[in-house]
Amino acid sequence: WALPFLITLAILGCLLCSQMGKKKFHKSQHWGFCNNVRMLVSEDKPGIGGELLLGQNTKPKYSVFPKGMGIESPSWVAFDKQVLSFDAYVEDEVPDKSQENYRIRCYKIYFYLEDDTVEVNEPVLKNSGLPQGIFIRRHRISLPPPNEDQFYTVHDFNVNTDIVFYGRTFKIYDCDAFTKNFLTKIGIKLNPPGQCPEDPYMKTRREKLDCMEPLRPYEPFDTLKQFLEYDKKVLRFFCVWDDSGSVFGDRRELILHYFLSDDTIEIKEVLPHNSGRDFTSLFLQRRKLPKYGPPGVYQPGHLTDRTVLNVYGGYSETRVYGYLLDKYNLGKLDQEFYKDTDLSIGTTINVWGRKVLLCDCDDFTKTYYRTKYGIENFTSIPCKAPPPPKIERKFPPYTGFGSEEDSLRSCIGIMPTPPQRNFKKFMEFDSYGNISNILRFFAKLITHKCADAERMFVISYFLRDDTISVFEPVERNSGYTGGMFLKRVRVKKPGQEVFKSEFSEYVKAEELYVGAKVDVNGYLFLLVNADEYTLNYMERHSDKFPLSNIELILQKLKEEECKSRELKQVFTTADCMHTKMVDFNTFREIMMNLTVGKLTDQEVITIARHYRVPEDLCPHRNVLVAQAHEQLKKNGFENFERLVAMCVYQDREKKKVLPSKDIKRLCKSSRLPLNEDLLESLLSRFEDSEKQINYESFFCTLNWRVNPVPELEVVSYIKERCEDEWLGMPSPIPVKRIYYLNLLKDVFGLEE
């Protein structure tokens with residue numbers, strides 16, 4: 001009894017050793033559903049833990065070969081859209097038929113590498129009488145018995161082998177180049193390719209068809225291939241028809257369209273503007289163009305695609321029951337039509353008796369001829385005739401009524417239209433904001449009358465329409481009313497004929513500068529000064545105003561280098577206090593005397609403005625207080641004690657000072673009748689280094705009843721050259737003082 005016991009212990013020990021490390025002990029499910037029917041499905045189920053039972057083989061899900069090379073990606077990614085193609089045939093027996101004993105049917109076998117599926121396709125043969133096309137749809141095909149539990153893989157295919165699909169034997173005799181390379185790379189040795197035997201019935205049938213001559217010959221006219229290949233592809237040529245030899249004829253530009261889909265031609269005419277010809281959509285409608293046209297008039301039935309020999313079987317009014325065709329085409333009239341090979345640049349074609357010269361073509365046409373016929377020379381021919389000599393149009397002289405432009409418009413058209421103004425220039429130089437685009441000059445009247453010699457005028461030049469207006473300032477007790485001297489109008493230059501065909505010349509902005517003489521309708525004016533905007537505008541546009549170009553003026557002064565020492569001595573003598581500065585009147589007199597009239601007043605002003613001493617433009621404190629008192633008096637504001645009390649309340653530390661921003665806020669909340677600019681200027685005058693203001697001193701100064709200040713005096717109108725203010729007019733002197741030493745350094749290189 002000990003031996004069986006020991007054997008049992010040994011078996012249990014082996015089982016325990018085999019189960020060590022095992023984690024799965026589940027049992028397979030033996031019952032399930034198949035097509036919604038409960039049945040036993042445990043035939044292929046594995047044992048406990050998924051282990052195979054004795055005599056049970058695994059059924060591979062997918063082929064392990066071929067693997068993706070270089071990447072570890074799944075087969076459906078590595079072999080996507082990669083298919084092996086094999087050529088095969090099947091030999092079928094044909095019983096009970098004397099014409100043939102067997103039949104050869106050719107197939108294409110496609111093996112998809114991504115999922116090991118197989119598809120079998122039979123090419124379609126014309127008039128075979130057999131159902132052809134897809135023979136086996138794409139799916140995984142199992143091996144023949146006894147291995148029906150496995151599927152075909154790539155290793156089951158080779159050349160010159162037989163393969164069985166569902167009991168039907170396919171003989172593979174060849175494959176494509178991709179399949180050969182792929183099978184070689186994965187280590188499969190390919191057999192030498194074979195040949196597909198010829199079907200005896202198809203051979204006999206083809207021989208009979210070759211020997212047969214149809215009783216009714218059929219001439220096919222298949223243009224579908226040409227239409228599908230060249231649909232919407234059109235050759236375009238630019239051509240010209242020279243009809244200048246006929247009466248009222250001329251050169252007419254044409255565009256030829258050649259349609260490759262049906263070899264038809266269409267011609268359009270390019271009509272220039274105001275040609276006098278009626279517009280037509282087409283010069284030649286789309287049709288085939290004969291080479292030798294016009295060919296003449298033919299009777300109906302002469303020009304046909306087929307030649308009818310005889311009619312049989314009777315006919316009715318609507319149809320013919322039968323007819324015979326003449327295969328020799330006796331009496332048929334052939335016409336030659338233009339093809340794409342007949343069209344090229346420089347060729348003259350016949351368009352129904354009109355000689356049309358092809359001069360050029362578009363890029364698509366050049367590419368077409370270069371690709372199909374190898375033509376590289378596409379030198380164009382000028383198709384436009386030389387322009388005719390331009391006839392100078394002469395207009396009648398000016399009539400004197402209205403403006404010259406308005407009178408000219410009545411000569412151009414039957415219906416007079418108003419003259420067109422330069423709208424672009426008007427919008428560019430129109431006034432907007434602080435930019436006026438108006439040049440203002442102060443002028444005197446040049447006359448021998450003593451009473452008119454002292455009259456002053458303001459000449460305004462408007463850049464947007466080149467007009468000029470002259471205004472005379474009103475002067476008390478002068479004997480002249482003043483006001484508008486000349487309304488805004490364009491001023492003609494003197495010495496021009498009035499009644500002429502050409503336009504008159506008008507005064508331009510470039511002709512106006514300080515020191516110039518301007519003739520305004522017979523009155524001669526001398527421009528003595530200009531306002532600040534005018535001088536700045538002329539200096540910014542020094543290309544149009546060369547007298548305001550500082551570089552050109554300094555270059556002119558360098559030509560007087562021989563007088564550099566003398567010029568320095570004169571400036572040193574005029575500068576008694578050795579401040580290196582002189583006033584404008586002295587500077588102008590020295591420059592005019594030493595240059596002997598080579599410099600104009602405009603050039604002297606440009607130099608003076610370039611080397612001027614900067615001025616303090618901030619008004620004095622007393623002036624600001626006087627202006628503030630004037631505004632406070634007009635509004636009757638006297639509530640200064642309340643403002644001081646509010647400041648005392650805000651002054652928590654009792655220092656009698658507050659920040660300027662707090663005082664400004666209190667003034668605005670109390671509605672102090674002062675504008676913002678004046679209030680800012682006053683606060684800046686009273687604040688200390690820390691921007692603190694003694695509010696008692698500030699509001700005590702603004703109290704116009706307690707601390708009145710003298711009113712501002714109006715500067716009298718004195719006609720002296722050294723005067724700084726001139727009743728709103730431009731100042732007689734453009735600058736007060738000039739650094740003459742900087743001028744000498746830049747021009748002559750003289751040091752101090």
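- Ion pairing of Arg138 with Asp115 is present here, as a side-chain N (NZ or NE/NH1/NH2) and a carboxylate O approach within less than 4.0 Å.
- Heavy atoms of other residues, nucleotides or ligands lying less than 6.0 angstrom from CD of Glu93 number 12 at most.
- The pair Asp363-Arg370 does not count as a salt bridge, with every side-chain nitrogen at least 4.0 angstrom from each carboxylate oxygen.
- For Phe111 and Phe86, the distance between ring centers is not under 6.0 angstrom.
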**Request:** Let me see the working for Glu269 and Arg277 under side chain to side chain contact (heavy atoms under 4.5 Å, CB included), right down to the final yes or no.
**Result:** CA-CA 11 Å; Glu269 183 177 5; Arg277 299 183 181 274; 4.1 Å; yes

**Request:** Could you give me the CA-CA distance, side-chain angles and deciding distance for Thr264 and Arg287, then say whether side chain to side chain contact (heavy atoms under 4.5 Å, CB included) is met?
**Result:** CA-CA 5 Å; Thr264 55; Arg287 62 181 64 186; 5.6 Å; no

**Request:** Run the numbers on Val118 and Ile136 for side chain to side chain contact (heavy atoms under 4.5 Å, CB included), then give the verdict.
**Result:** CA-CA 8 Å; Val118 179; Ile136 300 177; over 6 Å; no

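- For Asp243 and Arg354, the salt-bridge test fails: no basic side-chain N is under 4.0 Å from an acidic carboxylate O.
- Residues Tyr258 and Tyr338 keep their aromatic ring centres 6.0 Å or farther apart.
- Ion pair Arg490/Glu404 not flagged as a salt bridge, since none of the NZ, NE, NH1 or NH2 atoms sits closer than 4.0 Å to an Asp/Glu carboxylate oxygen.
- Heavy atoms of other residues, nucleotides or ligands lying less than 6.0 angstrom from CZ of Arg421 number 12 at most.
- Within the 4.5 Å cutoff, no side-chain heavy atoms of Lys233 are placed close to those of Tyr368.
- A side chain to side chain contact (heavy atoms under 4.5 Å, CB included) with Glu119 holds for exactly one of Ile134, Ile109, Val83, Ile141; it is Ile134.
- Side-chain atoms of Phe238 and Glu253, non-hydrogen and from C-beta on, never get closer than 4.5 Å to each other.
- The number of heavy atoms from other shown groups lying within 6.0 Å of NZ (Lys291) is above 12.
- In the displayed structure, Phe259 atom CZ is contacted under 6.0 Å by more than 12 heavy atoms of other residues, nucleotides or ligands.
- With a 6.0 Å radius and a threshold of 12 heavy atoms from other residues, nucleotides or ligands, Lys203 has its NZ atom at or below the threshold.
- A 6.0 Å sphere centred on NZ of Lys268 holds no more than 12 heavy atoms belonging to other residues, nucleotides or ligands.
- Environment of CD in Gln195: sparse, with no more than 12 heavy atoms of neighbouring residues, nucleotides or ligands closer than 6.0 Å.
- Heavy atoms from other residues, nucleotides or ligands lying under 6.0 Å from NZ of Lys500 number more than 12.
- Aromatic ring pairs are classed by plane angle as parallel below 30°, tilted from 30° to 60° and perpendicular above 60°; the pair Trp241 and Phe283 is tilted.
- Aromatic ring pairs are classed by plane angle as parallel below 30°, tilted from 30° to 60° and perpendicular above 60°; the pair Tyr166 and His139 is parallel.
- Tyr110 and Tyr112 have tilted rings, their planes meeting at an angle from 30° to 60° on a 0 to 90° scale.
- Using a 4.5 Å heavy-atom threshold, the side chains of Tyr369 and Ile345 count as separate.
- Considering only heavy atoms from C-beta on, Arg105 stays 4.5 Å or farther from Leu125 through its side chain.
- Counting only heavy atoms from C-beta outward, the side chains of Phe165 and Tyr107 never approach each other to under 4.5 Å.
- Residue Ser407 comes nearest to Thr399 through the heavy atom pair OG-OG1, 3.8 Å, listed as atom of the first residue, atom of the second, then distance.
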